[in-house]
Amino acid sequence: MADTERRFEQMIERRDIKLAINTLIGEGFTSHEIQDAVQNRLLRIGSWPGYYCSASGTIGEPGEGTVIGPTYYLIIGRARILRGFRQTGY
């Protein structure tokens, strides 16, 4: 992979992390929950069946959306799943 391509991927990942953090703040997640989700986004959740897969999509208003990559979904998914576990006593 070329150096410029690596830098571009790193920029996109940093942007996705910022978008995920802002989304989680808006959903009322604590700083500890957000930090855990960001730092451990690539780790498998103990009893969760299977692994995450790559995903991408668009967030925002129709016609004005921002394309996001898998890093965003890994962070958001982890935070929501672990919150659900805590709320249900799983």
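Computed from a prediction, not measured in an experiment: that's the story for all the values here.
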Kindly write out the residues that satisfy salt bridge (charged side-chain N to carboxylate O under 4.0 Å, His left out) with Arg80, not counting sequence neighbours, or none if the list is empty. Glu27
Check whether any side-chain heavy atom of Thr30 sits under 4.5 Å from a side-chain heavy atom of Ile34, and report yes or no. no
Kindly state each residue pair satisfying side chain to side chain donor-acceptor pair (under 3.5 Å) with at least one member in residues 13-22, sequence neighbours excluded. Glu13-Arg41
Should Leu19 and Ile12 be regarded as members of a common hydrophobic cluster, given that ILVMFWY residues are connected when their side-chain heavy atoms come within less than 4.5 Å of each other, either directly or indirectly? no
[atom1]-[atom2] distance between [X] and [Y], expressed to the nearest 0.5 angstrom:
{"X": "Leu24", "Y": "Ser31", "atom1": "CG", "atom2": "OG", "value": "11.5 Å"}
{"X": "Ile81", "Y": "Ile76", "atom1": "CD1", "atom2": "CD1", "value": "11.5 Å"}
{"X": "Tyr72", "Y": "Thr23", "atom1": "OH", "atom2": "OG1", "value": "3.0 Å"}
{"X": "Thr71", "Y": "Glu9", "atom1": "OG1", "atom2": "CD", "value": "9.0 Å"}

Decide if atom CZ of Arg7 counts as having more than 12 heavy atoms of other residues, nucleotides or ligands within a radius under 6.0 Å. no
Apply the side-chain contact (heavy atoms from CB on, under 4.5 Å) test between Arg78 and each candidate in Ile75, Leu74, Leu82; give the one that qualifies.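 With Arg78 as partner, Ile75, Leu74, Leu82 yield a single side-chain contact (heavy atoms from CB on, under 4.5 Å), made by Leu82.
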Would a distance-only check, ignoring hydrogens and angles, find a side-chain to backbone donor-acceptor pair under 3.5 Å from Gln39 to Asp36? no
